[in-house]
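Everything on this sheet refers to the single structure shown next.
To find a chain, count down the sequence lines: A is the first, B the second, and so on, and within it residues start at 1. For the numbers below, each heavy atom of this structure counts, side chains included, while hydrogens, waters and symmetry mates do not.
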Protein chains: 2
Amino acid sequence: MVTTLSQVAEKAGVSVSVASRSLNGHAKAYRISDATASRVKEAADQLGFRPSQTARSLRLKKTGLVGVVVPDLSNPFFASISQSIALSAEAEGYSVIVADSREQTEHEIRLLHQLEDRQVEALVVCPVGTESKHLQEINKRGTPVVLADRTFPNCNLAQVTSEHRVGAAKATRLLTAQGHRVIGVLQGLPGTLPNEQRLSGHAEALEEIGVAFDPSLTMGNNFTEASGFDSAKKLLVDRPDITAFFAFSTPNAMGALRAAMESSRLVPDDLSIVAFDDCPYADLMSVPLTTVRQDVDRIGQLAAELALRAAVGSTSRKRKRRHDVKTRVIVRNSISSVRHS
Amino acid sequence: MVTTLSQVAEKAGVSVSVASRSLNGHAKAYRISDATASRVKEAADQLGFRPSQTARSLRLKKTGLVGVVVPDLSNPFFASISQSIALSAEAEGYSVIVADSREQTEHEIRLLHQLEDRQVEALVVCPVGTESKHLQEINKRGTPVVLADRTFPNCNLAQVTSEHRVGAAKATRLLTAQGHRVIGVLQGLPGTLPNEQRLSGHAEALEEIGVAFDPSLTMGNNFTEASGFDSAKKLLVDRPDITAFFAFSTPNAMGALRAAMESSRLVPDDLSIVAFDDCPYADLMSVPLTTVRQDVDRIGQLAAELALRAAVGSTSRKRKRRHDVKTRVIVRNSISSVRHS
DNA sequence: ATGAAAGCGCTAACAT
DNA sequence: ATGTTAGCGCTTTCAT
């Protein structure tokens, strides 16, 4: 900081209050003469005056900050969400503090508190873990929090995520329509709502064609490549009758691809794969993945909107608190029909 | 905000100064009795006291904020840089505000000013465009700025980027070693230092084997997929004798891949490709790209370190201001030797 | 049409 | 060992 309002005022020969009002466009509301107002503005320009947002924040009790916490910023999914939040926020004059929880609740909590102390006006968080207590507390304490991606059942926070169940059902039908009946599920983090809903969407689609959901075909403990790889490997030996995989994330799918290679199963000829979530260049992969794409931009945008609205304190409590954004099937070339022998 | 220091003080039956000091670990420095100190802490706990960082910032003239501005947060390269900056900053108790300039100088400037007004203690920016004046001004005005990735020649700001020249030379040698002599260059944004240095590294490697650099083989105007695609297409018809491409970015390479497909040139058999910069799952691409990988994490980490050091105002001006981090060749399978007819 | 002054929540002299 | 107070830079009543 280098120039303060009082210096501007002095240079313009007015009081700080007049200076403040002139600079904030309250000139006419306070009947400040045009001459004075422009004199102030000129002084400000000459001095290169930039108002201290910190002082402003303190006085106004409004920081213009929104906090975003994601589990892994280098993951394109979260990077895109962060981006669309940032873009929406910037358009409204807000700035975004992003924090990376490295997939650990412990960090998430620490960062959340840090952001609370910085008096962000709202928080959008893609939570790790399966507990929402700390989030609810923050919300209760006064900082509105909106959940994105990983949401929680019976939790009254604002939430935006994909239509996991219907998306998963679509994905499964892509497989069953080609005759697949023994489908391995490479799941993400059990207990999280996206995971459970995808599971149930999968079971639903299976039921439609009269096949029972077999829990022993589901494996995995995270949305990571490692989990996808390990699960696929195991499943491939345990259940040699598997003809297709439904991977719950892009990394899960990549793991499956590697496992298939190591097990000399050709995709899609010997093994079909469908993945939830898309990724850049998926069409240029050695096997172009057929996916159910989430509308990441929309998720971010919606989350930002809810957050900003809450920040502004729009007391109109009529806003929808849960948003489930539609998914879209992207057909490429990782599914073939099962050969009936 | 809900509880203030004075409330804590009142509840503990002490003055605000004692409260402040107890809570900030200055207890013994001020010879505050253990009894008092713990009484204060207890009161704070009970009230759920969280000190206002805003007030603190104003008083201390230290916000604990560092600003990061990147051209495109959804680009894995910048996402990773942001992540490693965030991680480094968080480790030091700083928070980072990220801003996305959408590849436009105009936005970059606006965001930069916004961050300046928020009194970030340092700025790390991956600048768009080819002008550094506004950045130098900010630095002069008091907010230390460090440049990452896109740096500028004769600019006295702290800068960290890759060893573009030597990296590009390595890449080119990968090609020439396989007998390639007519190499199309899919360049990024002309005028930027990374671009120019890669160009010169390329020319250098060519010279080593006695082939002259032919400017008509270079094409492109950005680090985007579109630029890579268009340039590759054009080059492929203009110069049918081209046997290899050197793409200056992953997106450029992806564009080339598509162009090759459309022109029915098989990679690597009919056409070799080497790319500067790596990307996730590059090994699972339909053609596994041989690349010269930048050490993104190191770049981010170094940038954060320089920024934080400057923020703290370490007056030891002996710190190196330019860092060029090493690149690494990742050999995969997008290069074959040229068939001599 | 303009100014004086209080105060946002905190820290750090400067008293005792 | 603890309390009083000034003040960070700003906005906004309340006077005039």
In whole angstroms, the gap separating C1' of dG9(D) from CG of L47(A) amounts to 15 Å
Check the distance between dT12(D)'s C1' and I32(A)'s CD1 and give it to me in whole angstrom. 12 Å
Without decimals, in angstroms, what is the distance between R50(B) CZ and dC10(C) P? 12 Å
If I take atom CD in residue Q7(A) and atom C1' in nucleotide dC8(D), what distance separates them, rounded to the nearest angstrom? 13 Å
Of A55(B) and A37(B), whose nearest nucleotide on DNA chain D comes first from the 5' end? A37(B)
Using a strict cut-off of less than 4.0 Å between a Lys/Arg side-chain nitrogen and an Asp/Glu carboxylate oxygen, indicate whether R110(B) and E106(B) qualify as a salt bridge. no
S52(A) vs dG9(D): side-chain N/O to OP1/OP2 distance below 4.0 Å: no
Starting from C1' on dG9(D), measure out to CG on L23(A) and report it in whole angstrom. 13 Å
Both Q53(B) and R21(B) contact DNA chain C. Which one's nearest nucleotide lies toward the 5' end? Q53(B)
Closest nucleotide of DNA chain C for T54(B) versus for H26(B): which of these residues is on the 5' side? T54(B)
Under 4.0 Å between any heavy atoms, over every strand shown, what does L58(A) touch: base, sugar-phosphate, or nothing? Just pick one. base
Between H107(B) and E90(A): side-chain donor-acceptor atoms closer than 3.5 Å: no
Can you check whether K61(A) has a side-chain N or O nearer than 4.0 Å to OP1 or OP2 of dG9(C)? yes
Is it the case that the side chains of Q114(B) and S95(A) hold a donor-acceptor pair, with the cut-off being a distance below 3.5 Å and no angle test? yes
Looking at T36(B), I'd like to know whether one of its side-chain N or O atoms comes within less than 4.0 Å of OP1 or OP2 on dT2(D). yes
E116(A)/R50(B) ion pair, N-O < 4.0 Å: no
Take the protein atom CG of L5(B) and the nucleotide atom C1' of dT4(D), then report the distance between them rounded to whole Å. 14 Å
Closest to side chain of R56(B), choosing from dC10(C), dT12(D), dT2(C): dC10(C)
note: N24(B), atom CG; dC10(C), atom C1'; distance rounded to Å ~ 9 Å
Are a donor atom and an acceptor atom from the side chains of D72(B) and Q83(A) found within less than 3.5 Å of each other? yes
Among dC10(D), dT2(C), dA12(C), which nucleotide has an atom closest to any side-chain atom of V18(A)? dT2(C)
Among dT2(C), dT2(D), dG9(C), which is the nearest nucleotide to the side chain of T4(B)? dG9(C)
Output the rounded distance in Å from CG (L60(B)) to C1' (dG7(D)). 13 Å
Using OP1 and OP2 only, check whether a side-chain N or O of S33(A) sits under 4.0 Å from dT2(C). yes
